[in-house]
There are 2 protein chains.
Amino acid sequence: MINTRTKIIAAAVKCFRNNPSDTLEKVAEEAGVSRRTLHRYFENREDLIESCKNEMLVSCNKAMTLAYESDSDPIKKIRNMLFAAIEQGASYAFVKRIYERSNFSDLERKKEFESDDVKSNWLNLIKELQKAERINTELTIPWIFNLFGSIIETAIYAVESGDVAKNDSRNFAWTSFKGAIGLKE
Amino acid sequence: MINTRTKIIAAAVKCFRNNPSDTLEKVAEEAGVSRRTLHRYFENREDLIESCKNEMLVSCNKAMTLAYESDSDPIKKIRNMLFAAIEQGASYAFVKRIYERSNFSDLERKKEFESDDVKSNWLNLIKELQKAERINTELTIPWIFNLFGSIIETAIYAVESGDVAKNDSRNFAWTSFKGAIGLKE
DNA sequence: ATGAAATGTCACATATTTGAGACATATTTC
DNA sequence: GAAATATGTCTCAAATATGTGACATTTCAT
């Protein structure tokens with residue numbers, strides 16, 4: 001049961017992902033509601049953006065946590081997290097765009113949201129694999145982290161643009177990420 | 001010798017890359033000129049964006065063409081093109097953002113700009129490598145193309161954010177791209 | 001030092017976007 | 001079906017962004 005507020009947020013995520021200053025008229029149109037209605041749900045642009053941020057984060061974190069817990073093998077955990085993020089689609093892409101300006105240590109320092117559990121878990125998995133020399137030890141953790149996000153985003157865009165079928169994008173993403181970090185399965 | 005027009009374009013590229021609707025006041029400020037001056041050089045927002053597009057494309061194409069011509073070995077050609085793009089930094093990232101909404105076949109169909117030589121050359125290199133089974137043949141060309149762009153962008157951001165040193169980013173990018181497409185050197 | 005060119009400051013008209021009241025209409029709930 | 005709730009349309013004031021003329025100031029070239 002999709003309600004108006006959810007519709008507006010989804011539309012805003014879509015619009016603001018590429019243009020943080022897109023007009024609220026555009027967002028309303030994308031949501032299929034009037035701008036007057038949009039204003040009833042969200043006090044102003046800032047409120048709308050904050051709401052998008054929070055909701056998309058919650059959604060992504062939930063999915064990534066489930067994925068993390070779905071298997072005991074570290075490789076499978078990472079793989080499932082990659083797939084979960086791709087499944088999130090626009091949500092993930094939106095969150096990634098928001099935090100694109102931050103560097104890795106900033107993100108690590110800011111314990112402002114729940115994704116830190118997801119991120120810590122993910123980081124520990126990668127560190128474990130590097131320690132065991134199961135992946136390329138020359139690549140730094142920040143690099144691998146950012147690459148993970150980029151490959152997911154690439155997969156999401158590939159599906160959205162019609163270049164790649166949904167199932168293929170998952171497999172390509174995993175194949176590419178594996179190879180990129182030198183993972184031997 | 002950096003002139004005012006160039007300064008404005010560089011500032012616009014920086015601002016518009018993340019927010020296509022950033023105010024011209026912001027762009028002027030970023031350029032270190034008054035908005036009045038910006039208006040003397042550029043008729044309006046559209047004119048400014050078009051100029052950015054054209055200049056960044058020219059710059060990227062030139063660099064990528066030089067890189068393509070700098071070696072005869074196909075692997076070295078690709079590697080040098082990757083490095084050239086990373087070297088372009090903001091220019092490349094800007095161009096990538098402009099065309100992010102397009103899918104691969106659209107880009108191939110649109111013979112509207114000179115980058116088609118660069119792209120054709122690059123595509124032929126990849127096709128050649130797949131034919132010779134020197135890279136993973138299961139990954140599609142559109143996927144590889146988009147991944148190439150993403151890894152470059154990842155490297156550019158990593159440097160900008162301070163996560164990764166400039167030389168490291170080149171090496172990481174090449175290592176990751178190689179692995180991602182299953183290239184055996 | 002002088003004149004030309006480039007730029008900045010200021011002001012203002014116009015265009016666009018935002019936020020919200022009033023009322024009509026549509027939808028949902030019981 | 002009636003009442004409550006949600007939404008749309010319209011309007012308007014306020015805020016913000018844009019484009020440009022006039023003039024002052026700074027910079028550059030000789």
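Note on naming: letters A, B, ... go to the chains in the order of the sequence lines (proteins, then strands), and numbering restarts at 1 for each one.
- The residues B/R97 and B/E153 are annotated as salt-bridged, a charged nitrogen and a carboxylate oxygen being separated by less than 4.0 angstrom.
- For C/dG19, one of the phosphate oxygens OP1 or OP2 lies less than 4.0 angstrom from a side-chain nitrogen or oxygen of A/H39.
- Proximity of the aromatic rings of B/Y68 and B/W122 is defined here by a centroid distance below 6.0 angstrom, and this criterion is not met.
- The side-chain contact (heavy atoms from CB on, under 4.5 Å) search around A/T65 returns A/E69, A/V118, not counting sequence neighbours.
- Residues passing the ring pair (Phe, Tyr, Trp, His ring centres under 6.0 Å) test with B/F83: none are found, sequence neighbours excluded.
- Pairs engaging residues 30-42 of chain B under the side-chain hydrogen bond (donor to acceptor under 3.5 Å, both in side chains) rule: B/K14-B/E30, B/E25-B/R35, B/S34-B/T37, B/R35-B/H39 [sequence neighbours left out].
- Between the side chains of A/S21 and B/N19, at least one donor N or O lies within less than 3.5 Å of an accepting N or O.
- Going from atom CG of B/L48 over to atom P of D/dT18 covers 11 Å, rounded to whole Å.
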(request) Encode nucleotides 25-30 of chain C as B, S and - characters from 5' to 3', where the letter depends on protein heavy atoms closer than 4.0 Å: B to the base, S only to sugar-phosphate, - to neither. (result) ------
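- Overall bending of the helix from C/dA1-D/dT30 to C/dC30-D/dG1, expressed as the angle between end axes built from five pairs apiece, is 50° (10° steps).
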(message) Does the protein touch nucleotides 25-30 of chain D at the base, only the backbone, or not at all? Give it as B, S and - per nucleotide, heavy atoms under 4.0 Å.
(response) ------
What N/O pairs connect the protein and nucleotides 7-11 of chain D at under 3.5 Å? Give each pair on its own line.
residue: D/dT7; atom: OP1; partner: A/T4; partner atom: OG1; Å: 2.2
residue: D/dT7; atom: OP1; partner: A/Y41; partner atom: OH; Å: 3.4
residue: D/dT7; atom: OP2; partner: A/Y41; partner atom: OH; Å: 2.4
residue: D/dG8; atom: OP2; partner: A/S34; partner atom: N; Å: 2.9
residue: D/dG8; atom: OP2; partner: A/S34; partner atom: OG; Å: 3.0
residue: D/dG8; atom: OP2; partner: A/T37; partner atom: OG1; Å: 2.5
residue: D/dG8; atom: N7; partner: A/R40; partner atom: NH1; Å: 3.2
residue: D/dG8; atom: O6; partner: A/R40; partner atom: NH2; Å: 2.5

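- Sequence neighbours left out, the pairs with a member in residues 158-181 of chain A that pass ring-ring contact (aromatic ring centres under 6.0 Å, His included) are A/F148-A/F177, A/F172-B/W143.
- Applying a 4.0 Å cut-off to non-hydrogen atoms, none of the residues of residues 22-30 of chain A approaches DNA chain D.
- Partners of B/F94 according to the ring pair (Phe, Tyr, Trp, His ring centres under 6.0 Å) rule, which considers only residues two or more places apart in sequence or in another chain, do not exist here.
- With sequence neighbours left out, A/K26 forms a side-chain contact (heavy atoms from CB on, under 4.5 Å) with A/D22, A/T23.
- Annotation: side-chain hydrogen bond (donor to acceptor under 3.5 Å, both in side chains) contacts involving residues 71-92 of chain A, sequence neighbours excluded, comprise A/S59-A/Q88, A/S70-A/N80, A/E87-A/K166.
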